[in-house]
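One is the number of the first residue; the rest follow in order along the sequence.
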Amino acid sequence: MKVLKNILKTEVTYDDEMKNKYVVRKEWDKNKRKALILMKNAGQADEIKQDQTTMYVVNNLVKLDYGSVIIMNLFPSIECKDISESATENLKCVQEEMTKVDDVIIAVGTGIETNKEAQKRLHMIVAILLDKKATILQIECPKGRRGFHPLYPAVKNEWKLVPYEIPLVKQDD
């Protein structure tokens, strides 16, 4: 009989008022690769509680032989009241956290195509990542389409990570 044990260490960074969640860090093997995953909105996970998104993120990264993840979002507000101060702080956190990982996974989903503010924030973050020469990846489904959120049914149980393709920006006339 074998008994296997592991500790899943979790750390969460909030603002002082606990209205914005900037970073959810989970580590299960400090000797393996580290990923930062960028999604759209802060979920319900905290230092103890898991939500579905966090569960699928960790499960898929374990399968891909990562040992930790830093989860961040374009919008850090827990109460859906996004302000420029939290956006600025979030950008600072992304710049700091990206230096601690091997790969950055963009997983904002396809829904941001109609959200100009989300697109603007994503483009700002991608520009910083490119400037710092980060390895930027995205989730691809079995049919070859890309840019999915971890809860998308076709990818939630098995990820294929591929290089991130910067979407063309539509110009307003």
Are any of the side-chain heavy atoms of [X] and [Y] separated by less than 4.5 Å?
X	Y	answer
Lys26	Ile70	no
Ile125	Leu74	yes
Ser86	Phe75	no
Met72	Ile37	no
Leu129	Asp131	no
Ile48	Thr10	no
Met124	Leu91	yes
Val108	Leu122	yes

Any idea which heavy atoms bring [X] and [Y] closest together, and the distance?
X	Y	result
Leu36	Met98	CD1-N, 3.9 Å
Gln119	Glu113	NE2-O, 2.6 Å
Met18	Ile78	O-CD1, 3.6 Å
Lys49	Gln44	CE-O, 3.2 Å
Tyr14	Ala45	OH-O, 4.5 Å
Gln138	Ile105	CA-CG2, 4.4 Å

Roughly how far, to the nearest 0.5 Å, is the [atom2] atom of [Y] from the [atom1] atom of [X]?
X	Y	atom1	atom2	result
Thr135	Arg33	OG1	CZ	9.5 Å
Glu47	Lys9	CD	NZ	14.5 Å
Ile71	Lys21	CD1	NZ	8.5 Å
Arg146	Ile139	CZ	CD1	12.5 Å
Tyr164	Leu130	OH	CG	9.0 Å

Please check if [X] and [Y] belong to a single hydrophobic cluster, counting links between Ile, Leu, Val, Met, Phe, Trp and Tyr side chain heavy atoms closer than 4.5 Å.
X	Y	value
Val69	Tyr56	no
Val162	Leu137	no
Trp28	Met55	no

- Query: So, the side chain of Lys40 versus the backbone of Asn73: is there a donor-acceptor pair under 3.5 Å, distance only?
  - Reply: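 Between the backbone of Asn73 and the side chain of Lys40 there is no qualifying donor-acceptor contact (under 3.5 Å).
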- Just by distance, with hydrogens left out, do Ser68 and Lys34 show a side-chain donor and acceptor under 3.5 Å apart?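 Not at all, the side chains of Ser68 and Lys34 share no donor-acceptor pair under 3.5 Å.
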- Task: Taking atom types as modelled, find out whether Asp103 and Tyr66 have a side-chain donor-acceptor pair closer than 3.5 angstrom.
- Result: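 There is such a pair (donor and acceptor under 3.5 Å, judged by atom type) between the side chains of Asp103 and Tyr66.
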Can you confirm whether [X] is buried at [atom1], in the sense that more than 12 heavy atoms of other residues, nucleotides or ligands lie under 6.0 Å from that atom?
X	atom1	value
Lys120	NZ	no
Lys63	NZ	yes
Gln95	CD	yes

Got a list of side-chain donor-acceptor pairs under 3.5 Å for residues 150-161, not counting sequence neighbours?
residue: Tyr152; atom: OH; partner: Arg145; partner atom: NH2; Å: 3.1
residue: Trp159; atom: NE1; partner: Val155; partner atom: O; Å: 3.4
residue: Lys160; atom: NZ; partner: Glu140; partner atom: OE1; Å: 3.1

- For a side chain to side chain contact (heavy atoms under 4.5 Å, CB included) with Lys92, tell me which candidate from Val94, Thr88, Asn90 qualifies.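 It is Thr88; the other options fail the test.
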- Applying side chain to side chain contact (heavy atoms under 4.5 Å, CB included) between Ser77 and each of Asn41, Asp15, Asn20, report the one that passes.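 Of the listed options, the one satisfying the test is Asn20.
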- Message: Check Glu117 with Arg121, please: is the shortest side-chain N to carboxylate O separation under 4.0 Å?
- Response: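 Yes.
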- Task: Answer yes or no: is there an ion pair linking Lys30 with Glu27, defined by an N-O contact shorter than 4.0 Å?
- Result: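 Looking at Lys30 and Glu27, the cut-off is not met.
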